[in-house]
Every structure is written in structure tokens, then in C-alpha cells.
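Chain naming here is simple, since letters A, B, ... match the order of the sequence lines and numbering starts at 1 in each. Owing to the predicted nature of the structure, the values given are computational and were not obtained by experimental measurement.
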Protein chains: 2
Amino acid sequence: MNRRLTQRGRERRRQLVEYAARRFAENGYHPTSVAEIVAGLGVGKGVFYWYFSSKEELFGEILREAQQELRRCQEQAIADEPDPLRRIELGIRTSMRWLGDHRHLFTLFQFAVTEDRFRGMLRRGEDVAVADAVRHIKEGIGAGRIRDTDPMVLTHAMLGVTNHLARVMIFERGDAPDDVADAAVAFCLDGLCGPPEKVPAAYR
Amino acid sequence: MNRRLTQRGRERRRQLVEYAARRFAENGYHPTSVAEIVAGLGVGKGVFYWYFSSKEELFGEILREAQQELRRCQEQAIADEPDPLRRIELGIRTSMRWLGDHRHLFTLFQFAVTEDRFRGMLRRGEDVAVADAVRHIKEGIGAGRIRDTDPMVLTHAMLGVTNHLARVMIFERGDAPDDVADAAVAFCLDGLCGPPEKVPAAYR
DNA sequence: CGGTTCCTTGACCAGACGGTCAAGGGTGCC
DNA sequence: GGCACCCTTGACCGTCTGGTCAAGGAACCG
């Protein structure tokens, strides 16, 4: 659905996206009905179908806008950092903070992966972010500071650490995003065994 | 629902669990109706409600049995390995292979996390597995072979790596589980920067 | 003022959903 | 045979779903 919207219209649309995202995350996408969304906003059902052609389209828009915003944050944070390892670190820290501030959107990402028709929507956005991280990793490998392994694999390993730690430590345990980011960065850089200088002589 | 079942009954129940799990994973939990499940098995609707009191209960059973089986595999693989780091490695390898063999169940785990009433069902099982890994990590820390960090955090970091790599590299890219396991183990042990002996002198 | 475009209403629809149940078949035991 | 128990059938129920649409209000423009 692509309508020409006035100021007022854009505001309504924003309301719908925001409220629906919250309800979807709290209650699940399928169990949340269009009727419930419009009732929660105190408007008639026609409003919904004026701005979106279907519930599915709305969900797609939520995903798209969320990914866009996360990506904008990351680009801004990394912008003038010359060191590739440090760019990676900043990426992790930014993600962690963003996830802490938008946990409901993270839940929606997780759900989207579990149904075919939504997985595709995520993929496009994820691929862009991954390609970006891969560039930094390649640079790190070129400089001999990252071991020479498939950069895609390394990227996804870091993504896995970040997402899972965000969910468990921030959402469920209530830890501070910055602390969790510290742990994630340390793990991604040096794994279980810790930075080289801390490895006992016997294992060097 | 707890019934006394004959041999024949147990077989029917197994059919229902298996077929439903596959449909839920392919099509989504909510979009898959009870009617569709029984039709796919060529039986009447009453059969479903003879074995399960609701669709939700069936889903819970699927989760419970899947977790139980994964855990059994891991315990068996680790049983007589004395070295804690190697136990961790074996745990990762076993998970990866199991996930490769049961990708549909992994999708269901992922979905379960996104809805409150199912998250609880997962938690109990996950907590047990995590507590187990934490024990091995503590042992590694005691031996000075793992850096002294919150073992829970390290465990979840590894879980994140394993799950995410399984999804992306095995399910989406079609890589061989054993290769992905190699990468996961390497990353978990030494992170991006690689084993100490490969770190260039300048950074030791 | 009239006209146009943007927005909103809510009754309405066909179909699907999860779940129930009276009835009956199959099997095995006494 | 007769009885009991396990299992199966499928029509049926009330409720809710995503989505439609004719009608009308509000804002702005000439």
C-alpha cells in the first residue's frame, strides 16, 4: 500500500506501526488480531486498511523499519573509526544498546525467522549488515590480526553471541546492556581462553 | 492428558507428535490447524483429542520430548571424557550434529521463545543444560585454562554461536554439520583472533 | 461557498478455528 | 456369547478471523 499521506496521516501510520509492534511482541503475531489493534488505538477498522493492505504487510513494514533504524545507528557509530577490530567492537556495542532499547523488536525478528514468508523479508536487511561486517573482518585478516577463516562464519558467530546474550542477559536476567556488551566483545575477540597474555605459558 | 495407552495407542501418539512437529515447523504453529494435522494423517478429529487435551498441550509435548532427546545425546557423548575443555567441545559437536538431523525441531525452539506461554516450557529444559555446561566451565576456570568470567555468560555465548551458526550455515547455506562444528569450536575457544600461537608477535 | 481529497466509521461477510460429543467399531478377556 | 475397554468417526457448535464497503466527516483550496 503506497498512499500519499498528509502530516496527520503519517502520524496515524506511525501510531499503528508502533502499537502493533508492541502488541505483536507481547502477545504474538498470530494471536493479535487486527480488531484488537484498532480497538487499542480507539479507532475503526477501516483506519487499519486505509494505511495497510493486510496484516502481513504491516508486519513487513515493522521489520523493514526496525532493521533500517538499527543499521542507521550502527553506521553512525562506526563512521570515522579507522581500525577494523575496533569497528567490529563498536558494532557489537551499538547492537547491544539498541537491542536493550528495543527488545520488543528483537522478539519480532526472532519470530520472523520461524515462518517462511517473513524470513525472506528479514534476509534482505540482514545480508546487507552481514556484508558490511564481512568487510571489516577481511580487513582484519589482511592485517594479520584476525585468523584466516571464512569471514561469513566469523560474522555469524558474532551475531549469534550478540543476539543470544542480549536475549538471555538483558531481557531475562536484566543486566545492563553495556556490561553485556563488554562480555560479548571479550568473547568474540578471544573466546573462552582469554587474551594471549593471560594464557598460561604451558598452552602458548 | 495422561492416558493408559496400548502399543497401538503409543504408536498413534508418536505419529501425531512427529507429523505435527513437521507441519508446525514448515508452516508455523498458529497457521497449522488441528484439522490439517488429522487430515494429513487420514484420521478423524476425535483421534487428536483422545491423545491430547489441546493443540497447546501437543506443542508442549513436542518441545519437552525434543529437549529430552537432545540432552540424552549430549550426556552420552560426554560421558567418559575427563577433560573439561574437551567436554565442552564434544557438547558443541553433538549439538551441531543433532541440530543438523532435527532442523525442524530447532525452528520450533526458536518459535517457542517468542511467545510467553511457550517460553516457560523451554526454560526448564534449557536451564538444566546450561547448568551442566556451567559445571564444565567452572572446572576449566579452576584449572586456569579458561579466563575467569561469569560461567553463565560464557555458556550462553557458546549457545548463541552454536545455534546461530547451525541456522545460517547448515539450514540456509547447506554446509556439513561437522565442518560448521569445527568453526564453532574454534571460535568458542579462541574467538576472532585465533589460537595464541597464530597471533603475530606484535600482539602477544 | 462548492468541490476535492484525505481520512474514518462500524456493520457486515464468508470461512476457518479449536474443541465437543453421541455413536460405533475392534480387540481381547471371561 | 457377552462384556469392557481402547480407540475412531465426523457432524456440529460458538466464536473469532482478516478483510470489505457504502456512507459520512474534516480539512483545505479555489
Side-chain angles (χ1 to χ4, degrees), chain A residues 1-24 26-63 108 111-112 115-118 121, chain B residues 1-24 26-63 108 111-112 115-118 121:
Chain A
M1 189 82 81
N2 237 339
R3 285 198 192 281
R4 200 181 279 279
L5 298 178
T6 65
Q7 181 75 31
R8 180 170 152 233
R10 278 195 299 275
E11 168 63 11
R12 256 278 189 272
R13 197 195 122 104
R14 210 192 47 87
Q15 274 182 25
L16 280 165
V17 167
E18 188 137 326
Y19 185 74
R22 290 218 125 78
R23 295 303 299 141
F24 286 160
E26 285 165 21
N27 199 42
Y29 169 75
H30 292 290
T32 303
S33 66
V34 174
E36 190 195 318
I37 294 170
V38 294
L41 252 32
V43 300
K45 217 175 197 180
V47 170
F48 186 98
Y49 289 96
W50 176 259
Y51 293 99
F52 304 98
S53 59
S54 70
K55 191 183 163 186
E56 192 171 326
E57 193 202 74
L58 163 64
F59 190 70
E61 287 296 286
I62 292 174
L63 290 183
L108 298 186
F111 166 75
E115 291 200 22
D116 275 340
R117 54 190 152 163
F118 298 132
M121 300 178 182
Chain B
M1 190 82 83
N2 236 340
R3 286 199 192 279
R4 199 182 280 280
L5 297 178
T6 66
Q7 181 75 32
R8 181 167 151 236
R10 278 196 297 275
E11 168 63 12
R12 256 277 188 274
R13 197 195 121 103
R14 209 192 47 87
Q15 274 181 24
L16 280 164
V17 167
E18 188 136 327
Y19 185 74
R22 291 219 123 77
R23 295 302 299 141
F24 286 161
E26 284 164 22
N27 198 42
Y29 169 75
H30 292 289
T32 303
S33 66
V34 174
E36 189 195 319
I37 294 170
V38 294
L41 251 34
V43 299
K45 218 175 197 180
V47 170
F48 186 98
Y49 289 96
W50 176 259
Y51 294 98
F52 303 99
S53 59
S54 69
K55 190 183 165 188
E56 192 171 327
E57 193 202 73
L58 163 64
F59 189 69
E61 287 296 287
I62 293 174
L63 291 183
L108 298 186
F111 167 74
E115 290 200 21
D116 274 340
R117 56 191 152 163
F118 298 132
M121 301 176 181

Compare all side-chain heavy atoms of [X] with those of [Y] and state whether any distance is below 4.5 angstrom.
{"X": "A/Arg3", "Y": "A/Arg13", "value": "no"}
{"X": "A/Val34", "Y": "A/Tyr49", "value": "yes"}
{"X": "B/Gln15", "Y": "B/Val43", "value": "no"}

How is [X] classified with respect to the nucleic acid when contacts are heavy atoms under 4.0 Å: base, sugar-phosphate, or nothing?
{"X": "A/Gly46", "answer": "base"}
{"X": "B/Val34", "answer": "sugar-phosphate"}
{"X": "A/Tyr51", "answer": "sugar-phosphate"}
{"X": "B/Val43", "answer": "sugar-phosphate"}

In whole angstrom, what separates [X]'s [atom1] from [N]'s [atom2]?
{"X": "B/Glu57", "N": "C/dG19", "atom1": "CD", "atom2": "C1'", "answer": "13 Å"}
{"X": "A/Met1", "N": "C/dC6", "atom1": "CE", "atom2": "P", "answer": "14 Å"}
{"X": "A/Ile37", "N": "D/dT17", "atom1": "CD1", "atom2": "C1'", "answer": "12 Å"}
{"X": "B/Glu56", "N": "C/dG19", "atom1": "CD", "atom2": "C1'", "answer": "14 Å"}
{"X": "A/Leu58", "N": "D/dG19", "atom1": "CG", "atom2": "P", "answer": "11 Å"}
{"X": "A/Gln7", "N": "C/dC7", "atom1": "CD", "atom2": "P", "answer": "11 Å"}

Partners passing ring pair (Phe, Tyr, Trp, His ring centres under 6.0 Å) against A/Phe52 (at least two apart in sequence or in another chain):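 With neighbours one apart ignored, the set is A/Phe48.
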For A/Ser53 and A/Pro31, take the nucleotide of DNA chain D holding the closest heavy atom to each; which residue's nucleotide lies nearer the 5' end?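 Nearer the 5' end of the strand: A/Pro31.
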Any donor-acceptor pair, under 3.5 Å, between the side chain of A/Lys45 and the base of D/dG18, if you only look at N and O atoms?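 Yes.
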Could you check whether any side-chain N or O of A/Arg23 sits under 3.5 Å from a backbone N or O of A/Ile37, counting only pairs where one atom can act as donor and the other as acceptor?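 Side chain of A/Arg23 to backbone of A/Ile37: no pair is present.
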Look at the side chain of [X] and decide which nucleotide, out of [options], has an atom nearest to it.
{"X": "B/Lys55", "options": "C/dG18, D/dG18, C/dT9", "result": "C/dG18"}
{"X": "B/Thr6", "options": "D/dT20, C/dT8, D/dC7", "result": "D/dC7"}
{"X": "A/Leu5", "options": "C/dG19, D/dT9, C/dC7", "result": "C/dC7"}
{"X": "A/Arg8", "options": "C/dC7, D/dC6, D/dT9", "result": "C/dC7"}

Could you summarise the pairing of DNA chain C as dot-bracket text, marking Watson-Crick and G-U pairs under 3.5 Å with ( ) or [ ] inside the strand and | across strands? |||||.||||||||||||||||||.|||||
Output field: ring centroids A/Tyr29/A/Phe118 closer than 6.0 Å: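 Yes, close enough.
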Please determine whether a side-chain nitrogen or oxygen atom of B/Ser33 lies at a distance below 4.0 Å from atom OP1 or OP2 of C/dC17.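 Looking at the OP1 and OP2 atoms of C/dC17, one of them is under 4.0 Å from a side-chain N or O of B/Ser33.
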Are any of the side-chain nitrogens in A/Glu11 or A/Arg14 under 4.0 Å away from the carboxylate oxygens of its partner?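 Judged by the 4.0 Å cut-off on N to carboxylate O distance, A/Glu11 and A/Arg14 do form a salt bridge.
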